[in-house]
Amino acid sequence: MVTVIISARNPVPESTLERNIRKTAGAPIELFIINNAAGTNGLASVYNFGAARSRGDVLVFMHDDAFFMTENWAPILEGVFAQDPRIGVAGVAGTQYLHSDNPSWTAAGQPFIQGRIVHDLQNGDFFATLFSQEREMADVVACSGVFFAVRRTLLTQFGFDAAAFGGFSFHDLDFCMQARKTWRVVVTSDILIKHRSTGTYDKEWQRYGQVFLQKWAGLLPASCTNMIPNPERVVPAVNANLKGKIEQRTIA
């Protein structure tokens with residue numbers, strides 16, 4: 001079984017988010033939408049709280065403004081973990097290279113960044129961010145926190161570092177750095193997520209970015225490829241306009 005754990009700023013019973021998750025899952029799931037309206041608890045703390053109460057063999061951690069565009073995503077996700085017992089973390093976007101002086105997971109650019117995410121923004125913009133063109137599963141060193149799934153076995157070995165990351169950033173990269181010591185971290189293109197944000201890169205993000213770089217200084221840069229990115233020739237992700245090309249409605 002799959003457990004979904006979400007920290008929600010405005011939890012509403014039978015919300016569009018809940019309906020979307022249950023309608024698209026394609027299998028029975030366990031769902032925790034945890035009230036964090038005050039924003040006093042960081043995502044690491046909330047995720048640890050939810051994980052301790054979960055029963056699933058696979059635990060999904062995702063943002064409260066992310067929605068599934070893929071039907072039957074739960075069996076697909078279970079299939080990702082079933083194909084290799086070494087897979088510990090699976091996301092929908094991530095990187096094969098993390099710099100030692102830049103904490104952004106997209107900093108290396110293509111071909112190091114992998115996956116795709118659709119963005120449906122409040123200003124009406126509707127586009128797909130294509131971090132890579134490949135559709136095969138790819139090994140990465142870290143996944144984006146908008147959506148990532150974890151094999152339960154990992155969470156019996158270690159949890160999220162709530163002491164170091166008390167906010168809403170870098171808990172995901174930190175968890176992946178811990179996991180990759182003994183597990184595969186991968187990105188799958190078989191699950192498509194729609195996100196109603198492009199991220200926030202404020203002073204808090206910068207502060208926790210420095211915490212991340214300092215904590216993992218001995219293991220950065222981190223790579224799962226033989227290539228080395230050229231910081232003077234970074235090739236960014238491609239944004240493809242989807243307006244009028246595919247249905248914009250959220251499945252709910």
Side-chain angles (χ1 to χ4, degrees), residues 2-3 5 42-44 47-48 51 56-63 77-117 131-132 134 136-165 168-191 193 205 208-229 237:
V2 175
T3 297
I5 300 172
L43 290 183
Y47 287 168
N48 284 335
D57 299 312
V58 174
L59 279 65
V60 169
F61 303 96
M62 59 187 286
H63 290 185
L77 186 60
E78 290 176 317
V80 169
F81 285 97
Q83 65 183 275
D84 186 350
R86 297 172 299 162
I87 295 176
V89 181
V92 296
T95 185
Q96 297 179 326
Y97 192 98
L98 283 172
H99 289 280
S100 60
D101 58 353
N102 187 334
S104 173
W105 71 265
T106 61
Q110 296 184 356
F112 302 95
I113 50 178
Q114 301 289 322
R116 57 192 179 130
I117 297 174
F131 299 104
S132 60
E134 295 79 13
E136 297 83 10
M137 187 170 68
D139 282 273
V140 294
V141 296
C143 295
S144 164
V146 65
F147 169 99
F148 64 105
V150 176
R151 191 185 294 271
R152 169 171 289 283
T153 307
L154 271 71
L155 292 164
T156 64
Q157 299 172 349
F158 57 88
F160 292 89
D161 188 351
F165 301 97
F168 297 85
S169 305
F170 291 98
H171 59 284
D172 45 1
L173 272 60
D174 177 74
F175 188 90
C176 290
M177 284 293 291
Q178 180 69 34
R180 72 181 298 265
K181 293 177 180 178
T182 50
W183 297 85
R184 284 181 67 192
V185 181
V186 302
V187 159
T188 176
S189 62
D190 292 334
I191 297 173
I193 294 294
W205 183 90
Y208 283 116
Q210 292 306 306
V211 172
F212 173 78
L213 293 179
Q214 292 169 13
K215 176 177 177 178
W216 294 103
L219 294 177
L220 291 174
S223 176
C224 60
T225 175
N226 292 327
M227 297 184 293
I228 299 175

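Note that the structure is a prediction, hence the values are computed from the model and not measured.
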Participant: Does Trp105 reach the side chain of Val141, with side-chain heavy atoms less than 4.5 Å apart?
Facilitator: no
Participant: Distance from Phe147 atom CZ to Ile193 atom CD1, nearest 0.5 Å?
Facilitator: 5.0 Å
Participant: Taking the side chain as every heavy atom from C-beta outward, state whether Asp57 and Glu78 have any pair of such atoms under 4.5 Å apart.
Facilitator: no
Participant: Report yes if the side chains of Thr95 and Val140 come closer than 4.5 Å at any heavy-atom pair, otherwise no.
Facilitator: no
Participant: Tell me whether the rings of Phe212 and Trp216 are parallel (<30°), tilted (30 to 60°) or perpendicular (>60°).
Facilitator: tilted
Participant: For Phe170 and Trp205, I'd like to know if the aromatic rings sit close, meaning centre-to-centre distance below 6.0 Å.
Facilitator: yes
Participant: Quick one: closest heavy-atom pair of Gly145 and Asp172, and the distance?
Facilitator: N-OD2, 2.8 Å
Participant: Kindly compute the distance separating CZ (Arg184) from CZ (Arg151), expressed to the nearest 0.5 Å.
Facilitator: 10.5 Å
Participant: Nearest 0.5 angstrom please: Tyr97 OH to Asn102 CG, how far?
Facilitator: 11.0 Å
Participant: If you measure from NE2 on His99 to CZ on Phe112, what distance do you get to the nearest 0.5 Å?
Facilitator: 8.0 Å
Participant: Looking at residues at least two apart in the chain, or sitting in another chain, which of them share a ring pair (Phe, Tyr, Trp, His ring centres under 6.0 Å) with Phe175?
Facilitator: Phe158, Phe160
Participant: Can you tell me how far the CG atom of Leu154 sits from the CD1 atom of Ile87, to the nearest 0.5 Å?
Facilitator: 11.5 Å
Participant: I need the minimum non-hydrogen distance between Asn48 and Ala162, along with the two atoms involved.
Facilitator: ND2-CB, 4.3 Å
Participant: Restricting to non-hydrogen atoms, name the atom on Gln110 and the atom on Ser132 that form the minimum distance, rounded to 0.1 Å.
Facilitator: NE2-N, 4.4 Å
Participant: Which heavy atom of Ser169 sits nearest a heavy atom of Tyr208, and at what distance?
Facilitator: O-CB, 4.0 Å
Participant: Taking all non-hydrogen atoms of both residues, which atom of Arg180 and which atom of Ala222 are closest, and how far apart?
Facilitator: NH1-CB, 3.9 Å
Participant: Look up atom OG in Ser189 and atom CE in Met137, then write down how far apart they are to the nearest 0.5 Å.
Facilitator: 10.0 Å
Participant: Should the ring pair Tyr47 and Phe61 be called parallel, tilted or perpendicular, given that the plane angle runs from 0 to 90° and is split at 30 and 60?
Facilitator: tilted
Participant: Let me see the working for Lys215 and Asp161 under side-chain contact (heavy atoms from CB on, under 4.5 Å), right down to the final yes or no.
Facilitator: CA-CA 11 Å; Lys215 176 177 177 178; Asp161 188 351; 2.7 Å; yes
Participant: For Gln96 and Asp139, indicate whether the former's side chain and the latter's backbone hold a donor-acceptor pair under 3.5 Å.
Facilitator: yes
Participant: Might you point out which heavy atoms bring Val60 and Ala149 nearest each other, and give the distance in Å?
Facilitator: CG2-CB, 4.0 Å
Participant: Mind checking whether Val89 and Cys143 have side chains closer than 4.5 Å, heavy atoms only?
Facilitator: yes
